[in-house]
Amino acid sequence: MEESSLSDFNKYTQINLSDLKNFSNFKYARNLVVKSKNFESLMLCLLPEQGTLRHNHGASDAMTIVLSGEIKYKNYYPDGSEVSGTLRAGDVEFLPAGLEHEIHNESDEKYISINIYSPPLEANHSESNFLYDNNFENNELSFKEDTALFLKGLNTNATLADDNYKETIAIIGGGFSGTLLATHLLSSDFKVATRIVLIDRSPRFSRGFAYSTSNRFHLLNVPAGNMSAFPDNPNHFLNWAQKRDVNIDAKTFVPRMLYGEYLETILHRANLDKKPNIKFIRLNDEAVDIDSLNNHEANISLESGKKFKANKIILATGNYFPRNPKVKNEDFYSSKFYAKDPWSKEALKNLSDDDELLFIGTGLTMIDKAIELKMKGHKGTIHTLSRHGLLPNTHKLDLEPIEINYDALLEQSKQADFSLLHILRDIRTKIRSLSNKENWRQVIDKLRPHTQLLWQRLNDINKQKFMKRLRHFWDIHRHRMAPEIALIFHSMISDGELKIYSGKILEYKINESAKTVEVSYINKADQQIKSLKVSKVLNCSGLEFDFCQIEDPLLSKLLNDGTIKPDSLSLGFEASSDGALIDKDTKTSEVLFTLGPALKGKLWETTAVPEIRNQAYKLVEFIREKSLQKV
């Protein structure tokens, strides 16, 4: 949210919401709370049996905060699917622009919510009172304390010039890693006045690109029972999700958009429950420089021109999109026929239902986008191409648990000659001994708690061998599809809707008049040059593994001036066990830290919820202990 918007939004909590509780016996009431050029807020009041017709909010994103009562909702997705549920007091729901929905009050109680729209809704009606209904008799409003606190928490003051705080902790990156870290920091007991500043270029904090999707067929690839944000409360997400949908259980693969709502909710809750000496600021901005670094603080420069000092700075920048494949004519990558970011709104825009497409990559991103197109009614063939043409395996949740013990391998890893070969032999031996070969999944899953330690005990030569020869095999066994997604996806293959190739792209030739691209590639099987004619090419090859190649102004600057340095494999940054970043002179910083994907070279297994939540918890404990030393 822009600073001007925040200034307007501060008026929000200065308005007596009781004065706005107006009901109509004829239709549900929409009462204006505040409006600026960037957003507007309405109080919706529905009597029992009142509701809306199916509608959307045009170009406006919408957020609903339920104050009292409950409401039944039904969302209609572009693929023709529908999702229904119930929102109750204290619940928050986000609706992306253009999504159709309807709501109905089927309870015996009055329903009241605050709805925020950005940009403001546009009303093309001649009747002046059609949009707002603030002319009804006022009644006193009473609602739950946690809802009142939630509304108060939305009044975020973005002023950075505040000298009353002895400690300032800045988190650069407001996606999953940054949100989890901010949540744990806000829940901590700091003995000194502390500011926590969360910075992200995207206005939608907490979601990142993974959880920003509004497609219900984009599922988590981990069951709900394993997705808690809190290591000491493993059922936290499951319990939260079951309040939204009683049919969810520990083995359910829920939509990623629901998990995005969960992350938003826990951050808001932590903000409301924080100690009085903690201030939380969210900045919709981009950090472009960190300078004047010493043992105690550094200056952060933002794209907006703002600057402020911080005592601890955490780079929670998450994952990055991969580079474009090297070809003869790289000018193609700036054409309208190519999408580097498959999640952008432009990626699948202006396509006809019969257009043939090429997806570069055959992993989970490709599967997400292929199913998204199918559910929208796309008829054209989807071609997919990767070096090896390997597809992710499928989760099986009906397997009987078996005992898998890695004690011998862990003991062996202490030896000086420990190598990748020891790990491979141990895994193969365990799989060969299985009576049910489908249980290879448990062999891989039971290795996961030990992966970081084993990776750290391998030398760089073995790690490089893994990256070059085995990573693609590991990925398809470790990162698997939800069973319901696998059914749809494999039906697409058997029906000829999707084709898989293995090889290397050579060049692209654009035919402007035909609005097509001819893609030439070397087929892996016979080493012959072959070609495909498609209407668009999407890069679905996953994530960038070389952090030295990332196109990020801040990281490039820090790497170039030696403030941070890449790990020996360039998979991330060199850091201590606490996440403290190490500079070109091998000095461990007392100010700069990181977590998540940036530690891939050090830990390998560091991009999923269990690992990042533990890192966030440990980093917060480290920062809190350092803060206590100042008292």
Side-chain angles (χ1 to χ4, degrees), residues 160 165-175 177-178 180-182 184-185 188 190 192 194-200 283 286-302 307-318 320 452 456 546-548 550 552-604 606 611-612 614-631:
L160 290 167
Y165 290 86
K166 295 184 179 296
E167 188 91 1
T168 294
I169 303 168
I171 305 169
I172 299 174
S177 299
L180 223 54
L181 184 63
H184 287 298
L185 284 168
S188 296
F190 290 97
V192 299
T194 302
R195 286 190 306 175
I196 299 168
V197 184
L198 182 61
I199 307 164
D200 198 277
L283 292 179
E286 182 172 5
V288 294
D289 196 8
I290 298 173
D291 58 16
S292 303
L293 180 66
N294 57 44
N295 290 337
H296 308 291
E297 63 183 14
N299 290 325
I300 299 177
S301 298
L302 304 177
K307 291 186 177 183
F308 68 99
K309 285 181 169 54
N311 308 97
K312 295 287 184 288
I313 302 171
I314 300 93
L315 301 181
T317 48
Y320 289 86
Q452 291 186 352
Q456 289 176 302
D546 187 346
F547 263 56
C548 291
I550 286 172
D552 183 294
L554 176 62
L555 298 187
S556 297
K557 166 76 168 50
L558 296 177
L559 285 167
N560 289 337
D561 63 22
T563 303
I564 60 177
K565 71 173 184 177
D567 60 63
S568 57
L569 300 178
S570 292
L571 294 177
F573 304 135
E574 196 68 51
S576 70
S577 58
D578 298 312
L581 288 161
I582 298 172
D583 68 13
K584 64 179 180 180
D585 299 320
T586 68
K587 181 182 177 183
T588 302
S589 178
E590 295 183 30
V591 176
L592 294 179
F593 297 81
T594 194
L595 78 165
L599 294 175
K600 202 169 187 69
K602 182 178 181 62
L603 303 172
W604 180 248
T606 182
E611 288 73 29
I612 296 177
N614 289 332
Q615 290 173 33
Y617 182 80
K618 290 177 181 177
L619 182 53
V620 168
E621 285 300 298
F622 177 82
I623 291 173
R624 197 177 70 85
E625 288 175 11
K626 291 291 183 182
S627 176
L628 287 173
Q629 294 173 10
K630 296 183 179 182
V631 177

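Just so it is clear, the values below take in all heavy atoms, side chains as well, and ignore hydrogens, waters and symmetry mates.
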For the residue pair [X] and [Y], establish whether any side-chain heavy-atom pair is separated by less than 4.5 Å.
{"X": "Ile582", "Y": "Thr588", "result": "yes"}
{"X": "Leu558", "Y": "Phe573", "result": "no"}
{"X": "Leu603", "Y": "Gln615", "result": "yes"}
{"X": "Lys307", "Y": "Asn299", "result": "no"}
{"X": "Asn311", "Y": "Lys166", "result": "no"}
{"X": "Leu293", "Y": "Asp583", "result": "no"}
{"X": "Asp567", "Y": "Lys602", "result": "no"}
{"X": "Thr194", "Y": "Lys312", "result": "no"}

In Å, rounded to the nearest 0.5 Å, how long is the span from [atom1] of [X] to [atom2] of [Y]?
{"X": "His296", "Y": "Glu167", "atom1": "NE2", "atom2": "CD", "value": "11.5 Å"}
{"X": "Ile171", "Y": "Leu181", "atom1": "CD1", "atom2": "CG", "value": "4.0 Å"}
{"X": "Ser188", "Y": "Glu625", "atom1": "OG", "atom2": "CD", "value": "11.0 Å"}
{"X": "Asp585", "Y": "Lys565", "atom1": "CG", "atom2": "NZ", "value": "8.5 Å"}
{"X": "Gln452", "Y": "Leu599", "atom1": "CD", "atom2": "CG", "value": "9.0 Å"}
{"X": "Thr563", "Y": "Leu592", "atom1": "OG1", "atom2": "CG", "value": "7.0 Å"}

* Let me know which of Ile172, Leu198, Val591, Leu595 forms a side chain to side chain contact (heavy atoms under 4.5 Å, CB included) with Ile314. =>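 Between Ile314 and the candidates, side chain to side chain contact (heavy atoms under 4.5 Å, CB included) is satisfied uniquely by Leu595.
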
* **Qualifying residue, where the test is side chain to side chain contact (heavy atoms under 4.5 Å, CB included) with Ile290 and the options are Ile313, Asp561, Ile564** =>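 Only one option passes, and that is Ile313.
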
* Can a salt bridge be assigned to the pair Lys618 and Glu621 using a cut-off of 4.0 Å between side-chain N and carboxylate O? ->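 Between Glu621 and Lys618 there is no salt bridge, as every charged N stays at least 4.0 Å from the carboxylate O atoms.
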
* Distance-only, no hydrogens or angles: does the Thr594 side chain make a donor-acceptor pair with backbone N or O of Gly579 under 3.5 Å? ->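 Looks like no, no N/O pair under 3.5 Å.
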
* Do side-chain atoms of Ser576 reach the backbone of Asp578 as a donor and acceptor pair under 3.5 angstrom? ->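 Side chain of Ser576 to backbone of Asp578: a pair is present.
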
Identify the heavy atoms of [X] and [Y] that sit nearest to each other, and give their distance.
{"X": "Ser570", "Y": "Cys548", "result": "OG-SG, 3.6 Å"}
{"X": "Asp200", "Y": "Gly175", "result": "OD2-N, 3.9 Å"}
{"X": "Ala310", "Y": "Ala170", "result": "CB-CB, 4.0 Å"}
{"X": "Phe547", "Y": "Leu559", "result": "O-CD1, 3.9 Å"}
{"X": "Ala580", "Y": "Ser589", "result": "CB-O, 3.5 Å"}
{"X": "Ile199", "Y": "Ala287", "result": "CG2-N, 4.3 Å"}

* Could you tell me whether Lys600 sits above the aromatic face of Trp604, with NZ or CZ closer than 6.0 angstrom to the six-membered ring centre and within 45 degrees of the axis? =>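 Yes, a cation-pi geometry.
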
* Apply side-chain contact (heavy atoms from CB on, under 4.5 Å) to the pair Lys587 and Asn295, showing each step before the final yes or no. => CA-CA 11 Å; Lys587 181 182 177 183; Asn295 290 337; 3.4 Å; yes

* Worked check of side-chain contact (heavy atoms from CB on, under 4.5 Å) between Leu315 and Leu555 -> CA-CA 9 Å; Leu315 301 181; Leu555 298 187; 4.0 Å; yes

* **Over 12 non-hydrogen atoms of neighbours within 6.0 angstrom of OH in Tyr320** =>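 It does: Tyr320 OH has more than 12 such atoms within range.
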
